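Model, not experiment: these values are computed from the prediction. Whatever order the structure lists ligands and atoms in, that order sets their numbers, starting from 1.
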Amino acid sequence: MHFTFRQLQVFEAVARHLSFTRAAEELHLTQPAVSMQIKQLEGSVGLPLFEQVGKKVYLTDAGSALAAHGRRIADCVREARAELEELMGADGGRLRVGVVSTVNYFATGLLAGFTRAHPEVQITLDVTNRRDILQRLEDNEPDIVLMGKPPDGFDVVAEPFRTNPLVPIAAPDHPLAKRRRLAVADLAGHSFVVREAGSGTRAAMERFFADHDVAPGRTMELTGNEAIKQAVEAGIGLAVVSRHTIGLEIDAGRLVELPVKGFPIMRKWYVVHRTGKRLSPCAQAFRAFVLAHADI
Ligand code: PGA
């Protein structure tokens, strides 16, 4: 049985995502290139490693067995790379940053400042919602994560660096937009557009309404902050979003923040990495840069 490290690397990515498309994206390959590597690997192993049932990809028993080893090898390679990057100093190396979707409204500004000071560092920015960021952290993929409340399930080093006020918004012609003062109970029964399951913003909003014994009316679920804002502008309903996401629309008069007593829901943004992770000098420099620009 003979297979290459590259084939194993491709296999490990497909096994982790259970998706050829997402593995191809992560590895910057085309999907046919990924399928070809897997086919060749299956050829030399002599057993199928994946099976497709309906639209879903599953690991076979042979695939599961190989995946356990593939994961350990990938971790070893990551550690080897981290050690080598450490030797390169803070002015070089690769930095993998993961941010929750809402942070992306200011993350690019932070990264721009950091790259001015460290132009040689190669940065990968991964933007996704809270649930997916937690999964990536658990898989030890990003060096540094910028997110809301740090996770409880595993050990992380987390430092707050900015506040995150969540506020209720409406279209300017919504009946509640005319009111000068509102109570949380005034929101009851109104239609809302809410973020996808897995969003930290949505979880915080649901907790807030439950704590206040208020039930929104009909809800429509949309993915990402941009879709939410457009739906609110179109008059589909109210929403609760981070104030960081609405600056342009408020200035242009396309959205209004409702003056509801009890809001904003005050959350914080944290800079986070796994406990025990060996941060490369550029990751340490980035963490220090974020904390140096903290306003908390
Ligand atoms: P979200 O994250 O973009 O997933 O809503 C925000 C948060 O975790 O506070």
Ligand-side contact atoms (ligand 1) for residue partner Gly148, heavy atom cut-off under 4.0 Å:
8 (O), 9 (O)

Can you sort out which atoms of ligand 1 are near Val100, meaning under 4.0 Å from one of its heavy atoms?
2 (O), 3 (O), 6 (C)

For atom 7 (C) of ligand 1, what is the closest protein heavy atom, and at what distance to 0.1 Å?
Arg267 NH1, 3.2 Å

Just to be sure I read this right, does ligand 1 sit under 4.0 Å from the backbone of Tyr105, its side chain, both, or neither, counting only heavy atoms?
neither

Considering residues, nucleotides and ligands other than Lys178, do more than 12 of their heavy atoms fall under 6.0 Å from its NZ?
yes

Within-cut-off N or O pair, Thr102 and ligand 1, under 3.5 Å:
yes

Flag, side chain of Arg274 to backbone of Glu138, donor-acceptor distance under 3.5 Å
yes

Closer than 4.0 Å to some heavy atom of Asn129 - which atoms of ligand 1 meet that?
4 (O)

Within the 4.0 Å heavy-atom shell around Arg195, which atoms of ligand 1 are there?
1 (P), 3 (O), 4 (O), 5 (O)

Within a 6.0 Å radius of atom NZ on Lys277, are there more than 12 heavy atoms belonging to other residues, nucleotides or ligands?
yes

Below the 3.5 angstrom mark, is there an N/O of Ser199, backbone or side chain, next to an N/O of ligand 1?
yes

Atom 8 (O) of ligand 1 [closest protein heavy-atom partner, distance rounded to 0.1 Å]:
Gly200 CA, 3.5 Å

Does any N/O atom on Asn225 come nearer than 3.5 Å to any N/O atom on ligand 1?
no

Ring pair (Phe, Tyr, Trp, His ring centres under 6.0 Å) between Phe161 and Phe289: does it pass, once the steps are laid out?
CA-CA 11 Å; Phe161 69 98; Phe289 183 88; over 10 Å; no

Ring-face cation contact, Phe106 with Arg162, 6.0 Å cut, 45° max:
yes

With salt bridge (charged side-chain N to carboxylate O under 4.0 Å, His left out) as the test, pick out the partner of Glu12 among Arg78, Arg6, Arg72, Arg71.
Arg71

In terms of side-chain geometry, is the basic nitrogen of Arg254 or Asp251 positioned less than 4.0 Å from the acidic oxygen of its partner?
no

